[in-house]
Protein chains: 2
Amino acid sequence: MLSIDMTDALTSSPGPALADDASRLRLAVMRFSRRLRAERAVDTMSDGQIAVLGWLRVKGAHTLGELAERERVSAPSMNRIVNCLEESGYVTRTPDGKDRRKVNIALSDAGRDVITETARLRDVWLESVLSEFTPTERAALAEAESLLSRIAER
Amino acid sequence: MLSIDMTDALTSSPGPALADDASRLRLAVMRFSRRLRAERAVDTMSDGQIAVLGWLRVKGAHTLGELAERERVSAPSMNRIVNCLEESGYVTRTPDGKDRRKVNIALSDAGRDVITETARLRDVWLESVLSEFTPTERAALAEAESLLSRIAER
DNA sequence: TATTGTTATACTCTATAACTATA
DNA sequence: TATAGTTATAGAGTATAACAATA
């Protein structure tokens, strides 16, 4: 039977070490996301709503299907998120001129304001934690952010 | 040493850069966790169940309250998770000898088998992604795993 | 007929409040 | 009275299936 050394770091060799690294990374990310969720009780926007507004702010208008694919949720789930945002006046729906089946979803002025402020509020806790880290550790987390995003897009 | 894109990097100065880093890290982790969730359709165990079995395997028996605190969920939520695991025969409940209010939850033999196999299945995808990364990138992710765990424990 | 978006419905996970048993 | 665990209930988020409009 295999005995796996839990102290192993990531190595360039394949096998048990790699499987263990994958497992540890998965568990760490899941715990982290739950911890982050525990900090969001102060505001009223869901993870999905904030992710969509943040994405629209950076990348501009997208169709519902594009947003669903981007956030890795089903079309009905994304529709529900967009409905909430529209009711709040944070996004607008505009039928596409060329393909009238499509609907372009864009950030309103109110949406732009609220994503800036809400994201700030949600980040207060994480920011305070990061401020206590060393520059080296923060650089490592910046690197990780990039790598995690790359993995998530696969 | 790590190669870091300075337009994205965490810097040692406080202020907007730090807030932006926190925001980006948060969004990346949330997307990653959703992506990971999408890979679990093949099996029937929830994130919480897997996290608990994995923790019990490494750390041995714990009370319900300890597990709830560890996983950052409420006691009723953890109770529900443990109920499912007990019905499946993967954990056992044993009243504590010294304080009869407490209940020790321990991995059964079947639980030990299933966590080993299930974790392996769930890690197949992530492992295949990691195998295509460079040793430097994988070292960065190992470092991130440690840092994310530290943050989650705050 | 295929695709985009939407609605209807049900399921999972989570939390708060209330309850039981023990300290 | 306080604490550990459990039960009852409700809310948020998600998915699949079915439907409508357009290509």
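A quick note: this is a predicted structure, and the numbers were derived from the prediction, not measured. A, B, ... follow the sequence lines: proteins, then strands. Residue 1 opens every chain.
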What's the closest nucleotide to the R101(B) side chain, out of dT22(C), dT14(C), dT6(D)?
dT22(C)

Ignoring the backbone of K102(A), work out which of dC13(C), dG13(D), dG5(C) is nearest its side chain.
dG5(C)

Phosphate OP1/OP2 of dA15(C): any S77(B) side-chain N/O under 4.0 Å:
yes

Let me know the distance between CD1 of I81(A) and C1' of dA15(D), rounded to the nearest Å.
13 Å

To the nearest angstrom, the NE2-P distance between H62(B) and dA4(D) comes to 15 Å

Tell me which nucleotide among dG5(D), dT6(C), dA23(D) gets nearest to the side chain of D99(A).
dA23(D)

Are R72(B) and dT14(C) close enough that a side-chain N or O sits under 4.0 Å from OP1 or OP2?
no

Would R150(B) and F133(A) count as a cation-pi pair here, with the cationic atom under 6.0 angstrom from the ring centre and within 45° of the axis?
yes

What's the closest nucleotide to the T63(B) side chain, out of dG5(D), dT22(D), dT6(D)?
dG5(D)

Would you indicate what N79(A) reaches in the nucleic acid, counting non-hydrogen atoms under 4.0 angstrom: base, sugar-phosphate, or nothing?
base

Under a 3.5 Å cutoff, is there a donor and acceptor pairing between the side chains of S77(A) and S74(A)?
yes

Among dT16(C), dT14(C), dT6(D), which nucleotide sits nearest the side chain of S74(B)?
dT16(C)

Mind calculating the distance between CD (E69(A)) and C1' (dG5(C)) to the nearest angstrom?
15 Å

Without decimals, in angstroms, what is the distance between N83(A) CG and dT14(D) C1'?
15 Å

T116(B) side-chain N/O to R112(B) backbone N/O, donor-acceptor pair under 3.5 Å:
yes

Whole angstroms only, please: what is the CD-C1' distance between E71(A) and dA15(D)?
17 Å

Using a 4.5 Å cut-off on heavy atoms from C-beta on, say whether the side chain of R70(B) contacts that of H62(B).
no

Check D96(A) with K98(A), please: is the shortest side-chain N to carboxylate O separation under 4.0 Å?
no

Dot-bracket for DNA chain C, 5' to 3', with Watson-Crick and G-U pairs under 3.5 Å, [ ] for crossing pairs and | for other-strand pairs: what is it?
|||||||||||||||||||||||

Taken to the nearest whole Å, CG/D47(A) to C1'/dA12(D) is 11 Å

Examine distances only and state if a side-chain atom of E137(A) and a backbone atom of T134(A) form a donor-acceptor pair shorter than 3.5 Å.
yes

Less than 3.5 Å between a donor and an acceptor, one on the side chain of R100(B) and one on the base of dT22(C), is that the case here?
no

Just by modelled atom types, is the Y90(B) backbone N or O under 3.5 Å from a matching donor or acceptor in the S108(B) side chain?
yes

T94(B) versus I105(B): any side-chain heavy-atom pair under 4.5 Å?
no

What integer distance in Å separates M78(B):CE from dA4(D):P?
15 Å

Using whole Å, report how far CG of N104(B) lies from P of dA4(D).
13 Å

Closest to the L64(B) side chain, choosing from dT14(D), dG5(C), dG5(D)
dG5(D)

